[in-house]
Amino acid sequence: MGKFISIEGIAKRYPAPGGGQTAVFEDLWLGIGQGEFVCVIGHSGCGKTTVLNILAGLDEPSAGTVIVDGRQISGPSLDRAVIFQGHALLPWRSVMGNIAYAVTSRWRAWPRAKVAAQAQRFIDLVNLTGSEHKKPAELSGGMKQRVGIARALAIEPKILLMDEPFSALDALTRGTLQDEVRGICTATDQTVFMITHDVDEAIYLADRILLMSNGPGARIAECVVNALPRDRTRADMHRHPAYYPLRNHIMDFLISRSKSFAADMAADYDPRHPPVVKPGIPEPQLAPALVAEGGPARRSGAPSF
Ligand SMILES: Nc1ncnc2c1ncn2[C@@H]1O[C@H](COP(=O)(O)OP(=O)(O)OP(=O)(O)O)[C@@H](O)[C@H]1O
Ligand SMILES: [Mg+2]
């Protein structure tokens, strides 16, 4: 898979209280292929939102660059849509108005009917049909988040950036929205970079799960390949033989290795090619191309750090 997004050696540093600087994270490298769904997992404060904001163009790295579709990013762009945890809807506009506004910003020359048709398509996709004329104040939290999702997808961005988009929702609504987002992103081959704290959410949605070690000086400790079949469902994924190895691998990282990563860092750790792991799949079945692309493969379940 070619690199559609290329994060090249980015760092974020802030002045330290006693002088000098503290690096939230250092020397982060990552390639994301077109149509790939990547989730990032790591403890609070390791810099996930900062990375997402840099991708969005809302923040600047202290070092390094980000290339999207062959161009270095500088500032926000309608190519990169962000779904925040809060909904950030325009309160005086209806559901249709909020989405149509975004569509118009993207395609200024479009006639009203075409804008409305595009907005309606995405209103239908997130199951808000019938609520087009409601204002945000008349919507539940889940419905507001659906508007945010429809608005982001209706501008057909090159990348969809999501920062814990479902964390404020009840479990039932969260599950339904996960299904909707997964369905739409698969159907439209949407490239996604998403932050979550929910391991099952990552396993359900992501093709690849990045594990970030704790800061300061956070790193991409591992790129975990999701070996579950692409047609997995929320209801059946736990029955797949690779599910528990994958889940346990991520849990073990969060519980212990995320903290000890810096101290125990393998001598051959290369920030440009963080270890690729594929829990639940025996070593011989690892595709050579995958290993070559992502870096040295480690035996799943037996990490060397
Ligand atoms: N202006 C600032 N000055 C100093 N440190 C800052 C500043 N802004 C952010 N930080 C630090 O950057 C680090 C990363 O913040 P970020 O919001 O990216 O973390 P996160 O991984 O998204 O955490 P969470 O899971 O809680 O959302 C934090 O430790 C925070 O204290
Ligand atoms: Mg955050």
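In each ligand, atom 1 is the first atom listed, and ligand 1 is the first ligand listed. Just so you know, these numbers come straight off a predicted model, no measurement behind them.
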Novice: Any non-hydrogen protein atom below 4.0 Å of atom 13 (C) of ligand 1?
Specialist: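 Under the 4.0 Å cut-off, atom 13 (C) of ligand 1 does have protein heavy-atom neighbours.
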Novice: Give the atoms of ligand 1, by number and element, whose distance to some non-hydrogen atom of H197 is under 4.0 Å.
Specialist: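 Checking each atom against H197, I get 25 (O).
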Novice: Closest non-hydrogen protein atom to atom 18 (O) of ligand 1, residue and atom name please, with distance?
Specialist: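 Answer for atom 18 (O) of ligand 1: T50 OG1, 2.5 Å.
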Novice: How many angstroms lie between OG in S62 and CD in E26, if you round to the nearest 0.5 Å?
Specialist: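 Taking OG in S62 and CD in E26, the distance rounds to 8.5 Å.
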Novice: Do H240 and D236 have side chains that get closer than 4.5 Å, going by heavy atoms?
Specialist: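 SC-SC contact between H240 and D236 ruled out.
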Novice: Determine, considering heavy atoms only, which of R13, K48, K12, M212 sits nearest to atom 25 (O) of ligand 1.
Specialist: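 That would be K48.
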Novice: Polar contacts were defined as any N/O atom of the residue lying under 3.5 Å from an N/O atom of the ligand; does this apply to V24 and ligand 1?
Specialist: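 Min N/O separation from ligand 1 is not below 3.5 Å for V24.
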Novice: Are R219 and F261 in a cation-pi contact, defined as NZ or CZ under 6.0 Å from the six-membered ring centre and within 45° of the axis?
Specialist: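 No, R219 does not sit over the ring of F261.
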Novice: How long is the span from the CZ atom in R106 to the OG atom in S77, to the nearest 0.5 Å?
Specialist: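 One gets 7.0 Å once the value is rounded to the nearest 0.5 Å.
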Novice: Given A23, P15, G47, S44, which has its nearest heavy atom closest to atom 19 (O) of ligand 1?
Specialist: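 Of the listed residues, G47 has the closest heavy atom.
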Novice: Between H43 and L254, is there a donor-acceptor pair closer than 3.5 Å when you use the side chain of the first and the backbone of the second?
Specialist: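 Flag set: sc H43 to bb L254 pair under 3.5 Å.
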Novice: Within the 4.0 Å heavy-atom shell around E164, which atoms of ligand 1 are there?
Specialist: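 Those qualifying, in numeric order: 25 (O), 27 (O).
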Novice: Can you tell me how far apart CG (D200) and NE2 (H238) are? Round to the nearest 0.5 Å.
Specialist: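 Spacing of CG (D200) from NE2 (H238) equals 10.0 Å.
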Novice: Please check if the number of heavy atoms outside E138 that lie under 6.0 Å from its CD is greater than 12.
Specialist: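 Count over threshold, so yes.
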Novice: Can you tell me the protein heavy atom closest to atom 17 (O) of ligand 1 and the distance?
Specialist: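 Residue, atom and distance for the closest contact: T49 CB, 3.7 Å.
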Novice: For S256, check side chain to side chain contact (heavy atoms under 4.5 Å, CB included) against everything at least two apart and list the hits.
Specialist: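 Listed in chain order: nothing, the list is empty.
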Novice: Please verify whether a non-hydrogen atom of C46 lies at under 4.0 Å from ligand 1.
Specialist: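 The answer is yes, since C46 has a heavy atom less than 4.0 Å from ligand 1.
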Novice: Can you sort out the partners of K114 under side chain to side chain contact (heavy atoms under 4.5 Å, CB included), two or more places apart, ordered by chain and number?
Specialist: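 K114 satisfies side chain to side chain contact (heavy atoms under 4.5 Å, CB included) with W110, P111 once adjacent residues are dropped.
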Novice: Compare all side-chain heavy atoms of V126 with those of I184 and state whether any distance is below 4.5 angstrom.
Specialist: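 Yes, side chains in contact.
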Novice: Enumerate the protein N/O/S atoms at a distance below 2.8 Å from the Mg ion (ligand 2), ignoring waters.
Specialist: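 The answer, once waters are left aside, is T49 OG1.
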Novice: Considering only protein heavy atoms, determine whether one is less than 4.0 Å from atom 8 (N) of ligand 1.
Specialist: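 Yes, there is a protein heavy atom closer to it than 4.0 Å.
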Novice: Could you check atom 1 (N) of ligand 1 against the protein and tell me its nearest heavy-atom contact, residue, atom and distance included?
Specialist: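 So the nearest neighbour among protein heavy atoms is Y14 CE2, 3.5 Å.
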Novice: What residues, two or more places apart in sequence or in another chain, satisfy salt bridge (Lys or Arg N to Asp or Glu O under 4.0 Å) together with D179?
Specialist: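 By the salt bridge (Lys or Arg N to Asp or Glu O under 4.0 Å) rule, D179 matches R234.
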Novice: Would you say the side chains of T196 and E201 form a donor-acceptor pair under 3.5 Å?
Specialist: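 Yes, E201 and T196 have a side-chain donor paired with an acceptor closer than 3.5 Å.
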Novice: Evaluate G45 for polar contact with ligand 1, using N/O atom pairs at a separation under 3.5 Å.
Specialist: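 N/O-N/O distance under 3.5 Å: yes.
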